[in-house]
K.L.:
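Quick one: this structure, given as structure tokens, is what I'll be asking you about.
Just so it is clear, the structure is predicted and the values come from calculations on it, not from any experiment.
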Amino acid sequence: MRAPVALPAPAPELAQMLVLSTAHLSLPTARDWMQDCPWSCFEKGDYGWFMYVCDDVGIAEAPGVPLEIRSALHVAKRLGCLWIMWDCDGPLLDELPEYDWEADRGGGA
């Protein structure tokens with residue numbers, strides 16, 4: 001009987017993640033829509049979310065998906081990312097809309 005042949009371990013699989021500021025989300029989207037996102041989206045502690053970059057156009061471009069979400073998905077796809085991390089301290093991108101949550105709450109200028 002021959003000794004078993006050891007196979008090399010597979011290389012780890014890595015996925016790109018786009019980090020974005022939650023300021024790219026309107027308050028209604030952050031407060032109401034994110035919890036009902038129709039694809040994988042998980043709360044990230046108290047200050048953000050991890051969102052899968054949905055590649056099903058019928059879902060991601062459906063009526064009711066906020067424009068800022070669709071815009072962020074387009075950027076993430078263009079950059080080859082599989083996930084978006086929405087973070088309160090994340091960077092702002094000039095090409096995405098920016099929202100003032102304090103103004104949306106009636107407390108801003």
Side-chain angles (χ1 to χ4, degrees):
M1 182 173 215
R2 289 193 282 189
V5 176
L7 298 175
E13 185 173 326
L14 303 175
Q16 292 267 90
M17 182 179 298
L18 175 62
V19 181
L20 293 174
S21 171
T22 53
H24 287 307
L25 299 172
S26 68
L27 183 59
T29 296
R31 183 184 57 216
D32 303 323
W33 189 87
M34 291 296 275
Q35 66 187 3
D36 295 323
C37 178
W39 58 87
S40 296
C41 186
F42 310 98
E43 286 188 14
K44 186 182 89 54
D46 293 331
Y47 304 105
W49 297 268
F50 292 105
M51 175 183 280
Y52 177 68
V53 176
C54 182
D55 56 358
D56 185 327
V57 175
I59 295 172
E61 300 289 334
V65 176
L67 178 59
E68 67 262 33
I69 296 293
R70 288 183 275 148
S71 297
L73 290 173
H74 290 218
V75 171
K77 288 177 186 178
R78 186 181 75 232
L79 297 173
C81 297
L82 294 178
W83 291 90
I84 297 172
M85 179 173 62
W86 299 96
D87 187 276
C88 64
D89 296 319
L92 292 166
L93 297 184
D94 289 339
E95 66 187 287
L96 294 175
E98 185 177 343
Y99 299 89
D100 182 349
W101 289 18
E102 289 304 313
D104 288 347
R105 287 185 182 114

K.L.:
Heavy atoms only: give me the nearest Ala15-Leu82 pair and the separation to one decimal.
P.N.:
CB-CD1, 3.7 Å
K.L.:
Taking Trp49 for the side chain and Thr22 for the main chain, is one N or O donor matched with an acceptor at less than 3.5 Å?
P.N.:
no
K.L.:
Taking the side chain as everything from C-beta on, heavy atoms only, tell me whether Ile59 gets closer than 4.5 Å to Val65.
P.N.:
no
K.L.:
Checking Trp83 now: which residues fulfil ring pair (Phe, Tyr, Trp, His ring centres under 6.0 Å) with it, not counting sequence neighbours?
P.N.:
Tyr52
K.L.:
Roughly how far, to the nearest 0.5 Å, is the CG atom of Asp55 from the CG atom of Leu73?
P.N.:
10.0 Å
K.L.:
To the nearest 0.5 Å, what is the distance between CG on Leu18 and CG on Leu96?
P.N.:
8.0 Å
K.L.:
Just to verify, what does Glu43 make a side chain to side chain donor-acceptor pair (under 3.5 Å) with, not counting sequence neighbours?
P.N.:
none
K.L.:
Between NZ of Lys44 and SG of Cys88, what distance do you get to the nearest 0.5 Å?
P.N.:
6.5 Å
K.L.:
Say you draw a straight line from SG of Cys41 to CG of Asp36; how long is it, rounded to the nearest 0.5 Å?
P.N.:
10.5 Å
K.L.:
Tell me, do Asp56 and Trp39 make a side-chain contact under 4.5 Å, heavy atoms counted?
P.N.:
no
K.L.:
Who are the salt bridge (Lys or Arg N to Asp or Glu O under 4.0 Å) partners of Lys77, not counting sequence neighbours?
P.N.:
none
K.L.:
What about Tyr47 and Phe50, same hydrophobic cluster or not, with Ile/Leu/Val/Met/Phe/Trp/Tyr joined at side-chain heavy-atom distances under 4.5 Å?
P.N.:
no
K.L.:
Check whether any side-chain heavy atom of Asp32 lies under 4.5 Å from a side-chain heavy atom of Leu27, and answer yes or no.
P.N.:
no
K.L.:
Do the non-hydrogen side-chain atoms of Leu93 and His24 ever get within less than 4.5 Å of each other?
P.N.:
yes
K.L.:
For Ala23 versus Leu92, what's the shortest heavy-atom pair and its separation?
P.N.:
CB-CD2, 3.8 Å
K.L.:
Would you please name every residue forming a salt bridge (Lys or Arg N to Asp or Glu O under 4.0 Å) with Glu95, sequence neighbours left out?
P.N.:
Arg78
K.L.:
Write down the atom of Ala72, the atom of Leu20, and the distance for their closest heavy-atom approach.
P.N.:
CB-CD1, 3.8 Å
K.L.:
Partners of Phe42 by ring pair (Phe, Tyr, Trp, His ring centres under 6.0 Å), sequence neighbours excluded?
P.N.:
none
K.L.:
Can you name the closest pair of heavy atoms from Met51 and Ile69 and give their distance?
P.N.:
CE-CD1, 3.8 Å
K.L.:
Heavy atoms, side chains only, cut-off 4.5 Å: are His74 and Glu61 in contact?
P.N.:
yes
K.L.:
Backbone N or O of Pro97 within a donor-acceptor pair of the Glu68 side chain at under 3.5 Å?
P.N.:
no
K.L.:
Taking the side chain from Trp33 and the backbone from Gly64, do they hold a donor-acceptor pair closer than 3.5 Å?
P.N.:
yes
K.L.:
Tell me, please, which residues at least two apart from Ser21 pass side chain to side chain donor-acceptor pair (under 3.5 Å).
P.N.:
none
K.L.:
Which heavy atom of Tyr99 sits nearest a heavy atom of Ser26, and at what distance?
P.N.:
CD1-N, 3.4 Å
